[in-house]
Amino acid sequence: IYFYIIMLFETNILELLKFLPGQKLQQEKKRLRELLKQKRRILTKEQVAEQSAIILAHLEQLPSFVAAKSVLIYYPTHNEVDLLPLIKKYKREKTFLFPVVHRQSMDACPYEGNAKMHRGQFNIPEPTTEPYKEPIDLIILPGVGFDKHGNRLGQGGGYYDRFLAAGHKQSVLVAVAYDFQLVEKVPTNRRDKKMDYIILPTKGVI
């Protein structure tokens, strides 16, 4: 009996050791996420508008954006970079899509005017249109933090990670962020998708 108790104890320790690295990673992400969210929260409306305009000017020079016919953007909340001016400016040239969340999954649906928008799962405006079935040329991802290697720290829900894992391998991935959102290193694991480009107000496209 003693032998089996020792075996059970050792097995539990081994399982715990396997779990700890992942737990540590999540704790590191949580701490960094809260710090960067706090910095973003204190931005004024004027700062958000000014910085967003500079970022969009850089984005509009990006060849991948110029060439894109379909672009997945996001609806800005909590002082995120505002991408909405792109719709008015390029609505005749590009199909703009917004994420639509269903419990643990996410679709990309075309924007066809405010009349076809409603509040979604997280009280964020979403299209009521059918999911877009064609390849998406360019995806602009929201994020809390990024590093120079293209790593992204999201909100923690994993919606974009699952969405990208399900396809869209040919899509160009672009992040837009304020200068303070570029950090030395974002904690990552193998499942995290790297950005092709990160666009900042002062450094432009990196």
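For reference, positions follow the sequence shown, starting with 1.
Between Tyr159 and Pro99, the closest side-chain pair of non-hydrogen atoms is not below 4.5 Å. Within the 4.5 Å cutoff, the side chain of Tyr160 has no heavy atoms near those of the Gln155 side chain. Counting heavy atoms from C-beta outward, Tyr132 and Leu72 have side chains that stay 4.5 Å or more apart. The closest side-chain heavy-atom distance from Leu56 to Lys89 is not below 4.5 Å. Two residues are said to be in side-chain contact when any heavy atoms from C-beta on lie closer than 4.5 Å; Val66 and Tyr90 fail this criterion. Inter-residue side-chain proximity for Pro76 and Leu84 is flagged as met; some heavy-atom pair is nearer than 4.5 Å. Phe163 places a side-chain heavy atom less than 4.5 Å from the side chain of Ile139. With a 4.5 Å cut-off on side-chain heavy atoms, Arg119 and Pro125 count as touching.
In this structure, the side chain of Gln38 does not engage the main chain of Leu35 through any donor-acceptor pair within 3.5 Å. A donor-acceptor contact shorter than 3.5 Å links the side chain of His58 to the backbone of Pro201. Counting only distance, with no hydrogens or angles, the side chain of Asp147 and the backbone of Glu184 share no donor-acceptor pair below 3.5 Å. Between the side chain of Arg33 and the main chain of Gly154, a donor-acceptor pair closer than 3.5 Å is present. Checked by atom type and distance alone, the side chain of Asn79 pairs as donor or acceptor with a backbone atom of Arg40 at under 3.5 Å. Of the possible donor and acceptor atoms, one in the side chain of Thr128 sits under 3.5 Å from a partner among the backbone N and O of Lys116. In this structure, Asp196 contributes its side chain and Leu173 its backbone to a donor-acceptor pair below 3.5 Å.
To the nearest 0.5 angstrom, Arg162 atom CZ is 5.0 Å from Gln104 atom CD. Taken from NZ in Lys37 to CD1 in Ile42, the straight-line distance is 15.5 Å, to the nearest 0.5 Å. The distance from the CD1 atom of Ile206 to the NE2 atom of His149 is 10.0 Å, given to the nearest 0.5 Å. One finds the CE atom of Met195 at 8.5 Å from the CG atom of Asn151 (value rounded to the nearest 0.5 Å). Atom OG1 of Thr95 and atom CD1 of Ile87 lie 11.5 Å apart (nearest 0.5 Å). Interatomic distance, Lys69 NZ to Glu93 CD, rounded to the nearest 0.5 Å: 7.0 Å.
Closest of all the heavy-atom pairs between Val101 and Glu126 is N-OE2, 3.1 Å. In terms of heavy-atom proximity, Asp161 sits nearest to Lys193 at OD1-N, 4.2 Å. Closest heavy-atom contact between Cys109 and Pro127: O-CG, 3.5 Å. Counting all heavy atoms, side chain and backbone alike, Lys148 lies closest to Leu182 at N-CD1, 3.8 Å. For the residue pair Gly150 and Ile198, the shortest heavy atom distance occurs at CA-CD1, 4.0 Å. Pairing each heavy atom of Ile55 with each of Ala177, the nearest pair is CD1-O, 3.3 Å.
A 6.0 Å sphere centred on NE2 of His102 holds more than 12 heavy atoms belonging to other residues, nucleotides or ligands. With a 6.0 Å radius and a threshold of 12 heavy atoms from other residues, nucleotides or ligands, Lys194 has its NZ atom above the threshold.
Looking at Ile54, Thr202, Leu36, Leu43 one by one, the single match for side chain to side chain contact (heavy atoms under 4.5 Å, CB included) with Tyr178 turns out to be Leu43.
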| said: Between Ile199 and Val81, does the side chain to side chain contact (heavy atoms under 4.5 Å, CB included) criterion hold? Intermediate values first, please. | reply: CA-CA 11 Å; Ile199 303 178; Val81 174; over 6 Å; no
| What's the verdict on side chain to side chain contact (heavy atoms under 4.5 Å, CB included) for Lys29 and Leu153, showing C-alpha distance, side-chain angles and the deciding distance? | CA-CA 7 Å; Lys29 284 186 173 184; Leu153 178 67; 3.8 Å; yes
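Ring planes of Tyr75 and Phe98: tilted class, angle from 30 to 60°.
One hydrophobic cluster, built from ILVMFWY side chains closer than 4.5 Å, cannot hold both Ile140 and Val100; they sit in different ones. Under the 4.5 Å side-chain heavy-atom criterion for Ile, Leu, Val, Met, Phe, Trp and Tyr, Val71 and Ile136 are members of the same hydrophobic cluster. When hydrophobic clusters are built by joining Ile, Leu, Val, Met, Phe, Trp and Tyr residues whose side-chain heavy atoms come closer than 4.5 Å, directly or via intermediates, Leu200 is grouped together with Phe180.
Between Phe65 and Tyr197, the distance from one ring center to the other does not fall under 6.0 angstrom.
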